[in-house]
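First comes the structure, then the notes that go with it.
Every chain is numbered from 1, with letters handed out A, B, ... down the list of sequences. All values below come from the heavy atoms of this structure, side chains included, with hydrogens, waters and symmetry mates left out.
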Amino acid sequence: MNDAVGSPQTALVLGGTSEIALAAMDLLVARRCERVVLACRDSGPTAVTAAQRLRSAGATQVDIVTFDASDLTTHRPAVAKAFELLGDVDLVLLAFGVLGSQAEFDADPIAAAAAVNVNYTASVSCGLEVANRFRHQGHGTLVVISSVAGERARADNYVYGSSKAGLDVFSQGLGDALVGDGARVMVVRPGFVHTRMTAGLKAAPFSTTPDEVGARIVRGLETGADIVWAPSVLRWVFLVMRHLPRLIWRRISAR
Amino acid sequence: MSLEPVARAVLSGWGRVPRSAADVRHPATMGEFERSLNTIGPRGAIARGLGRSYGDAAQNAGGTVVDTTAVARVEIDDRSGLVTASAGTSLDELLRILVPRGRFVPVTPGTRYVTVGGAIAADIHGKNHHRVGSWCQAVRSIRLLIPSGEILTVTPESDPALFWATAGGMGLTGVIIDATFNCPPIETSLLSVDTLRTNDLDGVMAAMVEADHLYDYSVAWIDLMSTGGSMGRSVLTRGRFAQLDELDAAQRLRPLAFDPKVRVGAPPWVPAGLLNPLSVRAFNELWFRKAPAERTAELQSIGAFFHPLDMVRGWNRIYGKRGFLQWQFVVPDDADDTLRSIVGQLSSAGCTSFLAVLKRFGPGNDGPLSFPAAGWTLALDIPAGIAGLGPLLDRLDVEVAGAGGRIYLAKDSRLAPHMVPEMYPRLDEWRRTRDQVDPSRTLTSDLARRLKLIDA
Ligand SMILES: Cc1cc2nc3c(=O)[nH]c(=O)nc-3n(C[C@H](O)[C@H](O)[C@H](O)COP(=O)(O)OP(=O)(O)OC[C@H]3O[C@@H](n4cnc5c(N)ncnc54)[C@H](O)[C@@H]3O)c2cc1C
Ligand SMILES: NC(=O)c1ccc[n+]([C@@H]2O[C@H](COP(=O)([O-])OP(=O)(O)OC[C@H]3O[C@@H](n4cnc5c(N)ncnc54)[C@H](OP(=O)(O)O)[C@@H]3O)[C@@H](O)[C@H]2O)c1
């Protein structure tokens, strides 16, 4: 069960090798989260290292289940297996995602659609699957990692941005839909985070680290927030950005 | 047989967090109530009274919750003072019947809006604990519905193990249908109250050790927002029911009057941040200044003396949507250093808390999960969203357990499960008794799941 200060006792991470997700789980495991399931593409060395990391942070049980976001048929069995292993699942962290590059997408539209399938379509399928389980158990918190990229379109990453915009709206709607079911959804909107996803890219202003985003997620669970920005200043930055005239936005967003 | 109405509802305790959804049954007749554990699904069932426990004791995510409050039945034997009341009867209803007939409830918590079932399941204590112990010590018999559908009549003599497992058993031994308990006589409905203001924690503790035994009722309110030399400054109020000859002529016309009023309601919506360290500090300052340095034999009504918070309906909403929690512990008499250390840490953490309540308990009883035990108990409300509150209270829990103390389950919404057997060393004995009446483990609650009460 989640307690009054927002600490879960069991968690499922969809995208179990995500650096951001693992940083958040380190902190939650240090509190009450004893048992974790990591849903990963495979149970290879990266997944095994991730599981080991959470065990050394204090988790008593960490299991790996496999799924592939781009293969819709794997979603239900993975979620079902996690609920079977954990019993009640207090927290689900939806963290999988791909950034890709706009240049690659321009050259290969099918690759662009595949990325959208991971970031958006797969999240819809997994999110609804989790929601049904939450309805049944009468409680649960779904944390969805969206992105500030979904806040306003940018010429150099609008495929990724639009997939996150879709994910963001889906997650907010799901949160509203779950109000009478005892469950809730928290949307996390990080800015530029230094992880392997962004390795080699020029850091954007207000760039941050997985640990800082992890701490913001834990703080959001403490305060019962619906939306979390990481770092928190981005909330105000994007309040302004969203309303800039398009011409000006186009100039400052071109990097 | 038609089943009583069932509706999916999101429930929380008085602290408004954590929340979960359950199918709530509302038995409206004694017959329906007595069948309320029929056809329970895999996520089990738990009884719920008026939801005044602070945390998740009276909720059962995804399962069944039996609302006991629609069935009201009270019988009084005026000669013996024995009262039999259905479990959903509130102390408010009881007092409205009993006080005009010259009787009082054996124990009252800080609110009248708790049920007889909740009073037994939490084995509640009041300002008179040092004199009479807790609620279940006044209980003569309980009718307990267990998952097999049987209704057992349980008395401390017929089945002491089950009786005491039910006392403080947080609803996990069955649904209490009704109970018979002893209600003491009173000559008037006014209390003769002595008030003493002390400038620090040591002052109030010394006063309690010295003279609590001279009073029937005693409790102190501590200001946790003051630090340094005035850390733990307190207002101690103690009293007893007044005798007829202590009343003036006008009061003597209606010596047993009881008509408490609910004066105001808290607004349904409160801006976030209304309660901040500044506003709370100012409130506490005012409240401390308002109390007389010392005053004796002031006559106060039952409502003013026992239930001042009931005058504001729904005051729990002032903490906003994020809600709050109450942390209450007891440590043995000789652990007064632990009490001082904890008050010091809470004061310097700047926990935005209105007043904390300090009381010195008398000896505990036979209930393995009953909370009271001889020593110091401190209770305080804290907004749930404070950064790092969980780890802070975890550290304090360790100090409490280390001193041989424990946390009150009826208030809890965040304790670490591994602390429970340390704080309640007879947990396994309680589990064995419980399993005998519920071998299929139908009875459960969010509290039971979170704290692993039923199986380790
Ligand atoms: C302002 C305030 C002041 C308080 N002061 C005190 C105090 O001074 N001393 C003290 O001891 N407590 C105090 N409390 C706590 C309160 O007395 C207990 O939590 C009490 O159990 C609440 O009763 P309820 O009817 O609201 O029960 P609920 O909160 O609905 O339920 C509490 C527990 O009782 C069980 N239960 C309820 N009915 C039944 C039944 N028929 N059969 C089996 N189990 C049942 C539930 O399953 C649950 O585990 C206070 C609470 C508030 C809000
Ligand atoms: N880094 C940033 O700047 C930033 C900013 C805003 C939002 N985000 C979002 O934060 C989330 C986590 O990213 P991160 O920064 O932690 O990067 P990361 O470490 O690369 O994590 C991405 C995760 O997604 C998984 N994944 C990708 N495709 C998958 C598929 N088809 N099936 C299953 N899993 C798949 C990856 O698994 P593998 O290990 O198998 O590849 C990895 O676990 C993502 O949703 C990302 O969009 C990141």
Just give me the residue among B:Gly323, B:Ala387, B:Gly385, B:Ala384 that pairs up with chain A most often, heavy atom to heavy atom, under 4.5 Å. B:Ala387
Which one, B:Pro391, B:Ala9, B:Ala21, leads in non-hydrogen pairs under 4.5 Å with chain A? B:Ala21
Taking side chain as everything from C-beta outward and backbone as N, CA, C, O, which of these in [X] sits under 4.5 Å from a heavy atom of chain A? Side chain, backbone, both or neither.
X        : result
B:Asp394 : side chain
B:Ala22  : neither
B:Leu415 : backbone

For [X] and [Y], which heavy atoms make the closest approach, and how far apart are they?
X        : Y        : result
A:His139 : B:Ser20  : CB-CB, 4.1 Å
A:Ala4   : B:Leu325 : CB-CD2, 4.2 Å
A:Gly138 : B:Arg8   : CA-NH2, 4.0 Å
A:Asp3   : B:Pro18  : C-CG, 4.0 Å
B:Val10  : A:Asp181 : CG2-N, 4.2 Å

Not counting sequence neighbours, which residues clear side chain to side chain contact (heavy atoms under 4.5 Å, CB included) with A:Asp26? List them please.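 A:Arg53, A:Leu54, A:Ala57.
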Can you tell me which of A:His136, A:Gln9, A:Glu34 forms the most heavy-atom pairs within a distance under 4.5 Å of chain B? A:Gln9
Does A:Glu222 offer a backbone N or O that forms a donor-acceptor pair with the side chain of B:Arg322 under 3.5 Å?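 The answer is yes, because a donor-acceptor pair under 3.5 Å joins these two groups.
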Taking the basic N atoms (NZ, or NE/NH1/NH2) and the acidic carboxylate oxygens, is any pair closer than 4.0 Å for B:Arg450 and A:Asp90? no
Proximity breakdown for [X] and chain B, heavy-atom pairs closer than 4.5 Å:
X        : answer
A:Arg135 : backbone
A:Ser7   : neither
A:Val218 : neither

My understanding is that only residues two or more places apart in sequence, or in another chain, count here; which of them pass salt bridge (Lys or Arg N to Asp or Glu O under 4.0 Å) with A:Arg55?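 Testing A:Arg55 for salt bridge (Lys or Arg N to Asp or Glu O under 4.0 Å), a comparison that skips the adjacent residues, returns none.
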Could you check B:Arg414 against A:Arg32 for side chain to side chain contact (heavy atoms under 4.5 Å, CB included), going step by step and ending with a plain yes or no? CA-CA 10 Å; B:Arg414 44 131 313 267; A:Arg32 295 275 186 277; 3.8 Å; yes
Steps toward salt bridge (charged side-chain N to carboxylate O under 4.0 Å, His left out) verdict (A:Asp88, B:Arg43): CA-CA 11 Å; A:Asp88 281 19; B:Arg43 292 188 64 88; 2.8 Å; yes
Point-to-point distance, once rounded to the nearest 0.5 Å, from CE of A:Met1 to OG of B:Ser413: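 Here the rounded value is 12.0 Å.
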